[in-house]
*Asks:* 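Pasting a structure here, questions to come.
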There are 4 protein chains.
Amino acid sequence: MPKKTPLSSVETDIAKRRKAQVLDAAIECFRSRGFHQASMSQISAAAGMSSGHIYHYFKSKEDIVAGIVERGQEELSLPIAQAKKMPAGTDVASIFVAAVDEAVALHKDISFAALTMEILAEAGRNPKIADIVQRNSASLHEDLLDLFEDKSHKNRARLEICAALMEGISVRALRNPRLDADLDLDMLRDTMRHVLSST
Amino acid sequence: MPKKTPLSSVETDIAKRRKAQVLDAAIECFRSRGFHQASMSQISAAAGMSSGHIYHYFKSKEDIVAGIVERGQEELSLPIAQAKKMPAGTDVASIFVAAVDEAVALHKDISFAALTMEILAEAGRNPKIADIVQRNSASLHEDLLDLFEDKSHKNRARLEICAALMEGISVRALRNPRLDADLDLDMLRDTMRHVLSST
Amino acid sequence: MPKKTPLSSVETDIAKRRKAQVLDAAIECFRSRGFHQASMSQISAAAGMSSGHIYHYFKSKEDIVAGIVERGQEELSLPIAQAKKMPAGTDVASIFVAAVDEAVALHKDISFAALTMEILAEAGRNPKIADIVQRNSASLHEDLLDLFEDKSHKNRARLEICAALMEGISVRALRNPRLDADLDLDMLRDTMRHVLSST
Amino acid sequence: MPKKTPLSSVETDIAKRRKAQVLDAAIECFRSRGFHQASMSQISAAAGMSSGHIYHYFKSKEDIVAGIVERGQEELSLPIAQAKKMPAGTDVASIFVAAVDEAVALHKDISFAALTMEILAEAGRNPKIADIVQRNSASLHEDLLDLFEDKSHKNRARLEICAALMEGISVRALRNPRLDADLDLDMLRDTMRHVLSST
DNA sequence: TATGAATGAGTCTTCATTCAT
DNA sequence: TATGAATGAAGACTCATTCAT
């Protein structure tokens with residue numbers, strides 16, 4: 001937070017805001033149409049900007065997709081945020097269990113789930129996207145592992161199962177419109193505690 | 001050209017074979033390019049059939065997508081097949097646990113996972129596809145519930161968690177290229193048993 | 001000229017006619033606008049064919065340009081045609097000199113000259129085009145050399161000078177609108193004879 | 001910032017330098033990409049100037065093309081420069097023949113040849129450019145005719161043939177990558193002397 | 001049943017040009 | 001004088017779909 005922001009930095013700020021503006025518009029379009037169905041002209045309309053001008057900030061449509069995937073899913077690091085609110089020394093299981101409610105709320109959101117699936121499908125065939133997705137996920141998991149006593153293989157395995165469970169919620173949300181009624185949060189919490197605290 | 005079969009039925013058979021031929025080709029293309037990236041001419045090439053002729057069997061490309069989603073993922077009913085091999089009276093947990101290996105092998109296959117995500121993403125925005133996906137899933141779950149003692153809400157909840165866990169594996173496969181090393185199958189089996197047999 | 005043309009050959013013929021149709025239209029457009037100014041939609045209009053359909057015959061606009069350059073300038077082989085009309089044994093100089101009138105008429109045509117310059121300019125920066133142009137020219141010169149007693153370096157040099165002289169006429173036609181008045185055909189003929197028969 | 005020079009004149013000087021700067025950059029770009037392939041932003045980058053600012057000096061891209069053609073090819077007046085080095089009274093043929101080496105070196109340069117063809121092609125379809133090209137050529141030829149005893153039709157004709165021969169070298173350079181080996185400078189000089197001194 | 005020629009709307013992208021600063 | 005953000009009209013090319021054969 002410099003007092004006198006240098007000019008170049010101001011310009012960068014404007015550019016950043018513009019890029020964010022495009023990314024926001026793009027997310028909106030991608031959510032409702034998908035990456036390949038959303039047209040640049042729809043995105044530009046949503047961004048309140050001429051389609052040509054978008055190319056000052058992104059060199060291609062794929063670049064926008066990459067930008068979205070990159071900025072991507074910071075919401076996923078929820079348990080980490082949660083951990084910081086807990087009294088120091090709280091055990092991992094409790095931290096994760098405490099985060100379940102919010103995490104489920106996020107993952108079962110159809111709009112969130114659909115964009116996630118879109119990204120994953122793209123990652124399945126576009127190496128550039130796959131790379132971003134994988135690096136994102138890896139760095140998130142490293143952060144989460146810091147909450148554990150050690151980064152042993154066992155803890156990695158626990159994390160994988162918890163992640164699968166949670167991300168699986170997004171899949172279920174798309175497959176089962178009655179998920180809210182069918183899902184038992186207590187059971188879910190219990191399962192996570194089991195995974196994280198079994199010896 | 002069997003002598004006895006009535007003509008109309010022969011045509012139906014041929015037609016069915018042709019449709020299957022197209023669907024097979026389409027799956028192949030969709031896996032590697034995605035629904036909207038795969039072109040009708042690629043599909044027709046893969047199907048060994050002129051693109052025009054495909055329109056005798058499917059009235060549009062969306063129809064092919066629907067056809068694929070419909071026929072979709074019979075592989076998912078794995079535990080049911082498994083149940084039939086088990087001695088009558090085996091408990092549900094054991095049936096599911098016995099199916100874990102095969103189920104994981106299926107779900108962590110990148111090609112399977114990518115097509116699944118493609119379908120789910122499409123379901124997230126195309127109501128016609130959503131409908132098929134949801135009916136498929138509902139009917140599968142009804143079948144699986146038959147393995148339980150009753151169709152109580154608790155058992156539905158158990159099934160949801162198991163499903164999330166398993167489908168989450170597909171997500172993880174796309175997010176973590178080292179999933180094979182990180183995943184602990186014993187832990188997974190233990191988790192499923194816990195979910196299915198806790199009181 | 002086979003009596004019973006096989007089907008495939010008929011189809012090829014249609015395709016060939018279509019391609020020629022496109023090339024004709026393209027030449028027309030390229031002459032009046034230049035390669036990069038002529039749009040595919042102008043070409044398609046001139047060809048009486050949808051722009052999309054052109055891509056059944058040419059995989060890109062550059063391919064059309066290449067096609068034109070390739071088919072290119074058969075008119076250039078004029079002296080060879082001329083040579084065949086002369087009594088056997090006529091000396092080279094006389095053959096060339098006899099061809100001067102027609103050759104000049106061709107080269108000083110503005111429309112011919114402009115397209116030639118367009119092609120040469122493109123050859124100056126597009127290696128694919130350069131290659132075609134150079135192979136065309138090489139093969140023409142080999143044919144012309146056959147008219148000489150031998151393919152000695154001296155004869156190659158003579159040919160180069162004659163070629164420069166003749167192609168230079170196209171340049172002059174574009175530079176000097178009064179070329180017709182200024183050019184002395186007798187002097188030109190004399191020059192060529194000098195080049196070709198000096199010892 | 002010289003003290004004595006009046007302001008208006010200073011501006012003009014700066015402006016002239018700026019225009020030249022743009023033209024230099026444009027030539028560079030046009031040589032490698034062609035008139036219509038080179039973009040204003042490439043030119044502005046090469047000129048070290050914002051693209052918007054170029055419009056203070058040239059009202060359109062076509063104007064830059066015109067500027068280049070105008071300033072154009074002073075190198076062509078080579079024999080005149082040559083003539084000034086020769087003892088007064090040297091005959092025309094000798095002046096031209098003496099200039100052959102340098103002239104050929106210039107004309108066979110691919111980069112020079114390509115830009116020349118580009119200009120001529122443009123002249124073939126753009127009347128404004130044609131006009132400049134033709135006035136340039138006319139004025140050059142008037143200057144060259146001053147070297148002759150008189151401006152008779154015969155001498156004009158000689159000049160045309162010499163010009164065609166020399167400009168034809170540029171065409172040959174583009175058509176024949178082995179021109180250096182094939183061309184015989186002595187033969188060329190002999191030809192020019194023949195053209196210029198025959199009675 | 002089967003083909004593939006044909007269409008034309010739609011895609012992403014580029015670019016000359018303008019204008020607020 | 002100088003910038004570069006911004007525009008929007010093209011441009012080349014693709015593709016689902018139709019239809020004559």
Side-chain angles (χ1 to χ4, degrees), chain A residues 7 11 14-15 17-18 36-45 47-65, chain B residues 10-11 14-15 18 35-45 47-65, chain C residues 7 10-11 14-15 17-18 36-45 47-65, chain D residues 10-11 14-15 18 36-45 47-65:
Chain A
L7 244 184
E11 284 169 25
I14 291 180
R17 218 176 308 145
R18 287 303 218 181
H36 304 289
Q37 261 33 35
S39 74
M40 286 303 288
S41 84
Q42 284 162 346
I43 295 173
S44 72
M49 188 184 304
S50 78
S51 70
H53 192 43
I54 289 185
Y55 285 83
H56 279 255
Y57 302 109
F58 297 90
K59 71 178 213 295
S60 70
K61 190 183 173 186
E62 196 195 2
D63 223 41
I64 298 179
V65 172
Chain B
V10 165
E11 283 170 23
I14 292 181
R18 287 301 218 180
F35 289 159
H36 305 288
Q37 262 37 33
S39 75
M40 286 301 287
S41 86
Q42 284 163 343
I43 295 173
S44 72
M49 187 184 306
S50 80
S51 70
H53 194 44
I54 289 185
Y55 284 82
H56 280 262
Y57 304 111
F58 298 89
K59 73 177 216 291
S60 69
K61 190 183 172 186
E62 197 196 357
D63 226 40
I64 299 179
V65 172
Chain C
L7 244 185
V10 166
E11 284 167 26
I14 290 180
R17 217 175 310 145
R18 287 301 220 180
H36 303 288
Q37 261 34 34
S39 75
M40 287 302 288
S41 84
Q42 284 163 346
I43 295 173
S44 73
M49 187 182 306
S50 79
S51 70
H53 193 44
I54 289 184
Y55 286 83
H56 279 254
Y57 302 110
F58 297 89
K59 73 176 211 296
S60 68
K61 189 182 172 188
E62 195 194 3
D63 223 40
I64 299 179
V65 172
Chain D
V10 164
E11 283 168 23
I14 291 180
R18 286 302 218 179
H36 305 289
Q37 261 39 31
S39 74
M40 286 301 286
S41 85
Q42 285 163 343
I43 295 172
S44 71
M49 187 183 306
S50 80
S51 71
H53 195 45
I54 289 183
Y55 285 83
H56 280 262
Y57 304 111
F58 297 90
K59 73 177 215 291
S60 70
K61 191 182 171 187
E62 198 196 356
D63 225 41
I64 299 178
V65 172

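In what follows, chains are A, B, ... by sequence order, proteins preceding strands, each numbered from 1.
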*Asks:* Hey, can you pull the residues of residues 47-57 of chain C with a non-hydrogen atom under 4.0 angstrom from DNA chain E?
*Replies:* C:Met49, C:Ser50, C:Gly52, C:His53, C:His56, C:Tyr57
*Asks:* Looking at every non-hydrogen atom in both residues, tell me the closest pair between C:Met40 and C:Ser51 and how far apart they are.
*Replies:* O-CB, 4.4 Å
*Asks:* Given atom NZ of D:Lys61 and atom C1' of E:dC15, what is their separation to the nearest angstrom?
*Replies:*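 About 8 Å, once rounded to whole Å.
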*Asks:* What residues, two or more places apart in sequence or in another chain, satisfy ring-ring contact (aromatic ring centres under 6.0 Å, His included) together with B:His56?
*Replies:*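 Residues passing ring-ring contact (aromatic ring centres under 6.0 Å, His included) with B:His56: B:His53.
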*Asks:* Given the rule that a pair is Watson-Crick or G-U wobble with both distances under 3.5 Å, how would you write DNA chain E in dot-bracket, using | for pairs to a different strand?
*Replies:* .||||||||||||||||||||
*Asks:* Just how far is it from atom CD1 of D:Ile43 to atom CD1 of D:Ile54, taken to the nearest 0.5 Å?
*Replies:* 6.0 Å
*Asks:* Mind calculating the distance between CD1 (B:Ile43) and P (F:dA16) to the nearest angstrom?
*Replies:*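 The answer, rounded to whole Å, is 7 Å.
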*Asks:* In whole angstrom, what separates B:Ile64's CD1 from F:dC15's P?
*Replies:*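 Going from CD1 in B:Ile64 over to P in F:dC15 covers 15 Å.
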*Asks:* Between C:Arg17 (CZ) and E:dA6 (P), how many Å, whole number?
*Replies:* 11 Å
*Asks:* Rounded off to whole Å, could you give me the CZ-to-P distance for the B:Phe58 and F:dT17 pair?
*Replies:* 13 Å
*Asks:* Please tell me which of D:Lys59 and A:Met40 maps to the more 5' nucleotide of DNA chain E, matching each residue to the nucleotide holding its nearest heavy atom.
*Replies:*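 Mapping each residue to its closest nucleotide by heavy atoms, the 5'-most match is A:Met40.
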*Asks:* How long is the line joining CD of B:Glu62 and P of F:dA16, in whole Å?
*Replies:*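 Taking atom P of F:dA16 as the reference, CD of B:Glu62 is at 13 Å.
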*Asks:* Quick check: on DNA chain F, is the nucleotide nearest B:Phe35 upstream (toward 5') of the one nearest C:Ser41, or the reverse? Name the residue that is more 5'.
*Replies:*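 Result: C:Ser41.
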*Asks:* Hey, are the side chains of B:Phe35 and A:His36 touching, using non-hydrogen atoms and a 4.5 Å cut-off?
*Replies:*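 Side chain of B:Phe35 against side chain of A:His36, heavy atoms only: no contact under 4.5 Å found.
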*Asks:* Give the minimum heavy-atom separation between C:Ser50 and C:Ser44, together with the two atoms involved.
*Replies:*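 Closest approach of C:Ser50 to C:Ser44, heavy atoms only: C-CB, 3.8 Å.
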*Asks:* Return the value, rounded to whole Å, for the distance between atom NE2 of B:His36 and atom P of E:dC12.
*Replies:* 13 Å
*Asks:* Roughly how far apart are A:Tyr57 OH and A:Arg17 CZ, rounded to 0.5 Å?
*Replies:* 10.5 Å
*Asks:* Tell me the interatomic distance from D:Asp63, atom CG, to E:dA16, atom P, rounded to whole angstroms.
*Replies:*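 One finds 14 Å between P of E:dA16 and CG of D:Asp63, rounded.
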